[in-house]
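One structure below.
This is a predicted model, so every value here is computed, not measured. Just so it is clear: chains get the letters A, B, ... in the order the sequence lines come, proteins before strands, and each one is counted from 1.
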Amino acid sequence: MILHTQYAGRSVITSTLSRSRVQFATNRLREPAYFEGTLGQPITFRDALAALYQVVVSDHKYRPRDRVEFKAWLEKQDREFLAGLGVQSAEAKQRLEQLEARRAELEAQRQKRLAPFYQARRRYFDFAYTNQYEQYLILDPVITVHPDEVSFEAFSKDESTYARLSAKYPLFDEVREFSCGTTNIDFSIRLHHELERMRTYRQTRFEINPAGFSVAHASSDGTCEAVHREKKIDLPDSWLKGFLQVHGVMSMSLTHVSLAPVDLFNICRSLRRRKAKISPRSLRYEFQPGKQPWVVLEPWDQIIPLTGAEVYEGPKPHSIRTWGRDRLQVLARMLPIAKKIDVYLAGYGLPSFYVLDLGGVMFTLGLSGWTDNDWTGGASFDLLTRQQDVKADELMTIYESLRETRYASDEELSLRTGLPREKCRSAASHLCGAGRGMVDLVSGTYRHRDLFSSPFTLKDAQKAVSQQAEDQNPDAKAARHIFEKGDARLIARRPVSTGYKLSGNVKGSDGQRVRPLLSVDSDSRIIEATCTCQKFKHSKLTQGPCEHMLALRLLHMQLLEE
Amino acid sequence: MTVLTAAPRSSGPKHKNSSAGRTGDTLRKIARYQPELYTLAAAEALIPYTEDDAQVPVFRSGRFADCYLLHRILFDESERFVLDDRRLRFLFVTAKQTQTPAGVREESYPELWDQYPHAYLRLLSAAKLLYVHRWALTAIERSHPDLLQEATPDELLGMLSAPHQETVKVGLNELHRRFDPEAPDWELLDRLLKDDRPFVLEIARGWIEETVPLWMMDIDRSLRWLQIENAELRELIINLVTANLVHPAEKQLWADRILKLLEDASARNLEGPLRVARWVLLDEMTERLSVEHCLHLIGSESPAVQSLGAAVLAGHSEVFSRLGDEAVFALAEHQTAAVRRAAQSLIVSAESETIENPAVLFALVESEWEDNRALAARLLVERIDWPTAGIEPLLGLLDSNRPDVQKLGQDLVEKYLATTDPGLFANRLTEHSHPHMRRFAMRMVEAYLPDSAVALAAIAEFFKKGLLETWPDRQTKTRMLEFLTKRGEQDRGQAVIAMKILNPVLRTKTQIDFELALASATRLKLAHPDLPSDVNVLREPIP
């Protein structure tokens, strides 16, 4: 998909000695969202935007080193060695050495003579790279103006990290005017550098408008015309799907831990000080009943106590491992000013979210299960949740209601639309999956956000409700088949404070009988699960639940309905 | 093997059915019915032969045994060869006689070659076979010693690339003979300039240098030569024109012609003429081009045109005040170096304007271009009255993201800070986000931060950021802790602030940071025992 953006001007920051003006140019091809206000805490906002930029340009994917030059050098050494073997006489060897030395000397002189050329060429390449990078590779953040906040959303270059920065209106000394909507903003490396010049002693005006900082030039007939900057970025499908998946995961049942900023500082500092050369390179959250949780940095087994966390009240100890921990470094700059950090963990090898409260600015960092796994790689983890069947007209009702209020909890949506709360939640989840809404982890609400410029129609709603994960995923299909054949048996079903504990015996599609164990909440969302099948042994829940777990859950749901 | 040596086997007399045989027959018909064309046709038939068509002579097979048509043209009257009709191959009658006998002409129709000798020149200019060159040169030497004087420029240039050194030599001699510095052959010189072979261009270079006054009288030719492709020769011509274009009347004419060329939308490769205009016709161009016209030229796509526009613009007076500092700044940020230089000269000449409003200098010092930054730095030092300017301009420099500008700011601070409000300066400097500046800011804080809890509380975030920095900077951290301890020991108000800053650091897992922070907190606690803190000091003696 080619993302076509057009900006009337550039996003710039104009700093004079006494005031600054931050102007974000928005995509002219989207709805005209705008905002104008005066920032009250420019330093906080500056540091958060800098972190957002770090997310946008970060790329942690492993790429093997290009060894072409080394191999060529190695071949040359081999040739020289073999040529040297053929030279027998001492005189010839000496002469050869002299010639080699002379050649090295000449080469050094040549390098010295050409050094300015190489430097100039490198500067040119840097310049060209920066420009090309901005033009074709930087995925401009998505900005949404809400009635209570302005939010910026972005994905990293490797599509494994999601970031959302929301500036609450109390952050602004004055909010002059705004119009709610979603659009892209022009974001460049130069802009990032200019952001660093924001200061508290300069009044900072913050503007988001389609005009941006317009540069006009004289046309041949003597009039002035604005220069439009256009970007055409080949947007990977995975980027788009990732955007949709993030909010799907957020609506799952997540394990919550609160951290003191210094706890995360200790983690970042330890990770920066040394590099793990052997596996596992995970961050392990340990929960022991009656104790504060702690983090273990593997493979060194370094324990970092979580001083800001509450005592774990769960019934039994458990641990959650997450990978791709180096991505947390983007938060390092904000740690000294962070008031509080909330961590939301989806499970073993599943995504995790870090929400930093900077006082007026909330920064949400979403990390996929591990670095090489983008958000779409583990797409089936939305099977852990259970969505009710929603009709297209109900989805449209919820969409219109959310669009009107801009943000609302499932309860509020239920009150406004008269639909059951559970249905509202499922519908909102569908809207998130269709790019028409998002989950705000901080306030626990759903927000209206049109990721696409085209309007949301009944046809889109029908498409959204028909594309249920269960219809697309082979495990879900297999589970339905097993359930309908009657190959799933419930051995034990025990109600607990969080929902139910289920134990079963399921004959899989390969004919093997396995023993899945599930812990589900009252909405039948899978909280914990194990199985004796090969898939679970290999990848735990990182690829989503296996067919046996899903079949057992279907059986449980049928019993509930009965 | 070329088509001329091909000898397909077929029924009947084989040569009649081969293309070479048919061409031989055609040549004979030409000789019979259009004798004036025979030699030229024969020459064209010989030209495609290359050394690859020859073979190693073996016994009765000569080098050109398989070259049927060549034999028909060059050896048809020879008694040394006999045609092997079955294989369509010419063999020596006897292996003992392989060389051409002296004084014997073996080519067919020798009388036609004598009557129409121009074909020899064609062969010398285009033939690829060494033997053909030798044969043609021998013939010219023997019967037509003045024939070379009839050679066209193209033929002479062709001779210069001949595979036979003797042909090249003959061609060069003829070229030099023809050159008259008083009345050069312009057509020939034009042809030489279009050639891309180095030794031909060397001849052209010599001729151009010798005839400068003559060709410079013809402005059209000179302008044409200023647009030639070869950069080295074009450079020479530009240098010669700029050195010799001195007469005012001549300059006026040149200026008009160059402007006309500029208006011609189809004109290409204008760098040469425009460089001449920039170097020696600037006054004339300034008379003819207004400021608006110059800006229009700068707005064009060609760097050469942009450079001319910029150079002429810089020659106008009062441009800085007319355009305003924003427009001049935009010119100074132009990607063409000549435009930047022109804008720089405008800025340098606008001394009073930049002293009154130095905004353009502050903007320029942040430029992407090194030359702009260097100039702006120099002018800032020279033109700003720093002792009276206050702290804002100094902060402006220190706020930069560029280390070289920060360094300039630091140098100026060292010099002039005493004349400003250093306490306020230290306070504001702590908001800088660049890691390079933290150490400098710390130095300023140590030296100038007012001794009060309010002042310390105002920069608490600076200390937090320094102490909770994940990149190691031991020196700054140590100095921060020492500073906080000293200030805290002085009065309780500052101790409360210092302890608030230290509390999170006491929970760090970095051992040295923890120990230093603990030592600081202990000292504060000892100085103010009732200070609320995470640290408790036990005053009981250790048993």
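- When A:N266, A:D263, A:I304 are compared by the number of non-hydrogen pairs under 4.5 Å with chain B, A:N266 comes out ahead.
- More than 12 heavy atoms of other residues, nucleotides or ligands shown are found within 6.0 angstrom of OH on A:Y118.
- Contacts between A:D47 and chain B at a heavy-atom distance below 4.5 Å involve the side chain alone, from C-beta outward.
- Heavy atoms of other residues, nucleotides or ligands lying less than 6.0 angstrom from NZ of B:K509 number 12 at most.
- Between atom OG of residue B:S433 and atom CD1 of residue A:I43 there is a gap of 8.0 Å, rounded to the nearest 0.5 Å.
- Within the 4.5 angstrom heavy-atom criterion, no atom of B:E292 approaches chain A.
- Taking CG from B:L395 and CZ from A:R197, the interatomic distance works out to 10.5 Å, rounded to the nearest 0.5 Å.
- With a 4.5 angstrom heavy-atom cutoff, A:P305 touches chain B only via side-chain atoms.
- Looking at A:T200, the atoms closer than 4.5 Å to chain B (heavy atoms on both sides) sit in the backbone and in the side chain alike.
- Residue A:K340 qualifies as open at atom NZ: its count of foreign heavy atoms under 6.0 Å is 12 or below.
- Taken to the nearest 0.5 Å, the CE atom of A:M198 stands 11.0 Å off from the CD atom of B:E431.
- Contact annotation for B:D399: both backbone and side-chain heavy atoms come within less than 4.5 Å of a heavy atom of chain A.
- Within residues 461-469 of chain B, the residues having any heavy atom less than 4.5 Å from a heavy atom of chain A are, in residue-number order, B:E461, B:K464, B:K465, B:L467, B:L468, B:E469.
- Contact of A:I303 with chain B is made through the backbone alone, with heavy-atom distances under 4.5 Å.
- Looking at B:N427, neither its backbone nor its side chain comes within 4.5 Å of chain A, counting heavy atoms on both sides.
- Side-chain N or O atoms of A:R269 include one that pairs as donor or acceptor with a backbone N or O of B:T470 at under 3.5 Å.
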**Request:** For side chain to side chain contact (heavy atoms under 4.5 Å, CB included), just list the numbers for A:R273 and B:T510, CA-CA rounded to whole Å, side-chain angles, deciding distance to a tenth of an Å, and then say yes or no.
**Result:** CA-CA 10 Å; A:R273 283 181 68 193; B:T510 311; 3.8 Å; yes
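- Of all heavy-atom pairs between B:R507 and A:A260, the closest is NH1-CB, 4.0 Å.
- Contact annotation for A:R272: only side-chain heavy atoms (C-beta onward) come within less than 4.5 Å of a heavy atom of chain B.
- Applying the 6.0 Å contact sphere to CD1 of B:I512 captures no more than 12 heavy atoms from other residues, nucleotides or ligands.
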